[in-house]
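Only a predicted model underlies this, so the values are computations on that prediction, with no experimental measurement involved. First listed ligand is number 1; within each ligand, the first listed atom is number 1.
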Amino acid sequence: MPTALITGVTGQDGAYLSRFLLEKSYEVVGVMRRSASSDIIGERLRWLGVIDRVRLVEGNLTDLGSVVRIVQTHQPDEVYHLAAQSFVATSWQQPSLTGLVTGLGAVTMLEAVRIGRPQARFYQASSSEMFGKVQAVPQSETTPFYPRSPYAAAKLYAHWMTVNYRESFGMHASSGILFNHESPLRGIEFVTRRITDGVARIKLGLTDHLTLGNVEAKRDWGHAADYVEAMWLMLQQDQPDDYVIATGRTMRVADFADMAFKAAGLTMADHVRTDQALMRPAEVELLLGDPAKAERKLGWKARVKLEDLAAEMVAADLARLSR
Ligand code: GDP
């Protein structure tokens, strides 16, 4: 039975990846930060019904020794490094923490693997935010990066360090440049979930409006459950490499909102307000990925359509709020 180690196991992707790997009969070890709220932090793993089958161990990306010990003890065959300060807007408020956790944290994991289990295959969760002020449309593996936030700059450092460890030490380290991927388990601060939660509240009569920032921003949104499969596929290749993972379709925030309101039988124009306070100091206006390489080399393709994703998220938020 192969062993997979997942950092960020309590997040959206950690939960879906855990379920995916358990279905493939992996032993899954998940790294968790110590917290006074550890009972509720496992909520996503619980939602997917896998919390009892994931072996949760305590460690912290800002403490090299803690993760070295985990790697040495569990001797993983595959390491999925998903943990990060992952919210772009927060990265302007906490830029140093974002650099420490999102940037240097990846190096800590790479070091832990290099020290404790150098033959393990390593996955780095890179991000389409690295394209930022895009230098080409659509964005592929060869498009130059132009990060527009402390988050994106930290992810870019982590990305290049992953490439560097691959080239310097011959590690099987791959980097997945994932475009936005959503699900009912998306954090409430991200725009899709903010929208579907708002739609559900309006539908249930708990409020009559939803406040958003820049609704003209365009994103290439897919379903997280599809995207974790791409992570796994990268680590099954003979050679490590970097891949863009995307749907190849871009939509405005307003378009997603329209889909979500429609899924609940509501009209967006009746309920959406915009607030300058939700605008960002620098915006990423347009992301559109070119997933051709992933399709060609991994045989991967996004399955879920955005309209269906929006409907699934609205239904889940209605169910949550009705309970
Ligand atoms: P990101 O692409 O990783 O930053 O994912 P988000 O879901 O946080 O944001 C996607 C886009 O939605 C960005 O261009 C935001 O500026 C825009 N947006 C508009 N209104 C909101 C809002 O109320 N919350 C968030 N998080 N983003 C918003």
Side-chain angles (χ1 to χ4, degrees), residues 8 11-13 82-95 98 101-103 125-134 137-139 143 145-156 158-159 176-202 207 209-224 227 244-247 249-261 268-269 271-289 306 309-310 312-314 317:
Q12 166 186 267
D13 294 5
L82 312 183
Q85 189 304 93
S86 63
F87 188 42
V88 172
T90 293
S91 78
W92 279 285
Q93 307 309 321
Q94 300 181 24
T98 302
V101 175
T102 305
S126 283
S127 165
S128 57
E129 286 290 319
M130 301 188 310
F131 294 119
K133 189 173 175 184
V134 298
V137 182
Q139 296 87 49
T143 303
F145 298 115
Y146 193 129
R148 287 272 274 176
S149 64
Y151 167 80
K155 277 285 181 188
L156 192 51
H159 174 76
I177 306 173
L178 269 54
F179 281 61
N180 297 52
H181 43 290
E182 321 295 311
S183 75
L185 301 184
R186 189 57 145 146
I188 195 89
E189 67 274 31
F190 293 89
V191 76
T192 54
R193 189 63 210 298
R194 190 176 160 88
I195 290 169
T196 60
D197 175 74
V199 165
R201 283 174 196 275
I202 293 167
T207 179
H209 70 277
L210 165 66
T211 309
L212 295 172
N214 175 19
V215 297
E216 296 303 318
K218 292 173 119 181
R219 289 291 183 276
D220 178 332
W221 281 293
H223 196 301
Y227 285 39
V244 159
I245 301 298
T247 69
R249 179 187 184 208
T250 191
M251 301 295 276
R252 295 176 310 148
V253 170
D255 300 324
F256 181 87
D258 187 49
M259 290 172 195
F261 276 98
M268 175 181 146
H271 302 287
V272 170
R273 299 178 191 167
T274 52
D275 183 351
Q276 285 298 322
L278 291 169
M279 307 286 178
R280 295 174 175 183
E283 179 63 286
V284 172
E285 298 291 349
L286 162 73
L287 292 175
L288 173 61
L306 191 57
L309 172 58
E312 181 190 345
M313 290 175 69
V314 168
D317 277 320

With heavy-atom distances below 4.0 Å as the criterion, list the atoms of ligand 1 near [X].
X: V88; answer: 3 (O), 4 (O)
X: A217; answer: 14 (O)
X: G213; answer: 19 (C), 20 (N), 21 (C), 23 (O)
X: R194; answer: 22 (C), 23 (O), 24 (N)
X: E129; answer: 1 (P), 2 (O), 3 (O), 4 (O)

N or O pair under 3.5 Å between [X] and ligand 1:
X: V191; result: yes
X: T192; result: no
X: V253; result: no

R219 and ligand 1 - part of the residue with a heavy-atom distance under 4.0 Å: side chain

Proximity of N180 to ligand 1 by residue part, where a heavy atom lies under 4.0 Å: side chain

The one among R186, E182, R280 that brings a heavy atom closest to atom 4 (O) of ligand 1: R280

Student check: side-chain heavy atoms of [X] and [Y] closer than 4.5 Å:
X: L210; Y: I195; result: yes
X: F131; Y: F145; result: yes
X: I202; Y: T207; result: yes
X: H159; Y: I177; result: yes

NZ/NE/NH1/NH2 to OD/OE distance under 4.0 Å, K218 and D255: no

R194 with E182: basic N within carboxylate O range, under 4.0 Å: no

Pair T102-Q85, side-chain donor/acceptor within less than 3.5 Å: no

N/O donor-acceptor pair under 3.5 Å between D220 side chain and T247 backbone: yes

Non-hydrogen atom of F87 closer than 4.0 Å to ligand 1: yes

